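Each chain gets a letter, A, B and so on, in the order its sequence line appears, and its residues count up from 1. Bear in mind the structure is a predicted one, so any value in this text is a computation, not a measurement.
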Amino acid sequence: KQEVTQIPAALSVPEGENLVLNCSFTDSAIYNLQWFRQDPGKGLTSLLLIQSSQREQTSGRLNASLDKSSGRSTLYIAASQPGDSATYLCAGSGSGGSNYKLTFGKGTLLTVNP
Amino acid sequence: KAGVTQTPRYLIKTRGQQVTLSCSPISGHRSVSWYQQTPGQGLQFLFEYFSETQRNKGNFPGRFSGRQFSNSRSEMNVSTLELGDSALYLCASSFSVLDTQYFGPGTRLTVL
């Protein structure tokens, strides 16, 4: 059974700082890993998807990495801005068969202070 | 291209009632998944449908059910509502469940 853990649960940084959010998973037979952001009371916005055959993905100031052997993924945010304040969630999907679902971590609440 | 839409956005029900939530996926997407989000449990998988077939179901009681129509729109139903069913219910669609998942804004269900 896949379990996903995110550390830290909350993070507060000053504007302009570079930061790393961590995600760990127990089942290395992961097919892909996806990072989302969620603003209060809203749905999830997809940020990056990393397939199991990939090591990292980049989009603008965001870079996500995936290390299946260690069961870890990181989301790097460069030059953080107050608009980046949100909850960041990572989710892993199974390796096919009947495991058609995402398993989510509890998220990291990020606050970027002006 | 329009995003995933969910209706209604807010619902208030009383214990024992039943409720039906609707999800319209992005055009062309055939996979629709449902998740329940609560402050204590986080996001939990309910079920996933592809071409009108339920392929996987989460660990929820039989009071939770769903279906998908031929146009890929999906509904989920909760019967005999309990206080603990109060949550944000999120729907996601994709070309296949292993592709990028696109989420709707959710339906906020409050059970009194």
Exercise for review: Answer with yes or no whether the hydrophobic clustering places A:Leu48 together with A:Phe25; edges join I, L, V, M, F, W, Y residues whose side-chain heavy atoms lie under 4.5 Å apart.
Suggested key: yes

Point to revise | Greater than 12 external heavy atoms within 6.0 Å of B:Arg73's CZ | key: yes

Practice item. Dump the intermediate steps for side chain to side chain contact (heavy atoms under 4.5 Å, CB included) on B:Leu88 and A:Gln38, then the final yes or no. Key: CA-CA 12 Å; B:Leu88 181 65; A:Gln38 185 175 31; 4.1 Å; yes

**Study point:** Per-residue contact mode, B:Gln41 against chain A (heavy atom under 4.5 angstrom)
**Key:** backbone

Exercise for review: Report, as yes or no, whether the 6.0 Å neighbourhood of atom CG on B:Asn59 holds more than 12 heavy atoms from other residues, nucleotides or ligands.
Suggested key: no

Review point. How close do B:Leu90 and A:Gly43 get, heavy atom to heavy atom, and via which atoms?
Key: CD2-CA, 3.9 Å

Check your understanding: More than 12 foreign heavy atoms under 6.0 Å from CZ of A:Arg61: is that the case here?
Key -> yes

Review point. Is B:Phe50 reachable from B:Val32 through a run of I, L, V, M, F, W or Y residues, each pair having side-chain heavy atoms under 4.5 Å apart?
Key: no

Review point. Between A:Leu89 and B:Leu43, which heavy-atom pair has the shortest distance, and what is it?
Key: CD1-CD1, 4.0 Å

Review point. Can you tell if the side chain of B:Tyr35 reaches within under 4.5 Å of the side chain of A:Phe104, non-hydrogen atoms only?
Key: yes

Review point. Are B:Leu21 and B:Val78 connected, step by step, through hydrophobic side chains (Ile, Leu, Val, Met, Phe, Trp, Tyr) whose heavy atoms are closer than 4.5 Å?
Key: yes

Exercise for review: Treating Ile, Leu, Val, Met, Phe, Trp and Tyr as nodes and any side-chain heavy-atom pair under 4.5 angstrom as an edge, say whether A:Leu62 and A:Trp35 lie in one connected cluster.
Suggested key: yes

**Study point:** Interface moiety of A:Lys42 toward chain B, non-hydrogen atoms closer than 4.5 Å
**Key:** backbone

Review point. Is A:Tyr76 reachable from A:Leu47 through a run of hydrophobic residues whose side-chain heavy atoms are each under 4.5 Å from the next?
Key: no

Exercise for review: Select all residues of residues 103-112 of chain B having any heavy atom within less than 4.5 Å of some heavy atom of chain A, and report them by number, or 'none'.
Suggested key: B:Phe103, B:Gly104, B:Pro105, B:Arg108

Check your understanding: Once you round to the nearest 0.5 Å, how far does CG of B:Leu46 lie from NZ of A:Lys101?
Key -> 11.0 Å

Check your understanding: Does a sphere of radius 6.0 Å around CZ in B:Arg15 hold more than 12 heavy atoms from other residues, nucleotides or ligands, not counting ones at 6.0 Å or beyond?
Key -> no

Check your understanding: Under 3.5 Å, side chain of B:Tyr102 to main-chain N/O of A:Leu44, donor-acceptor pair present?
Key -> no

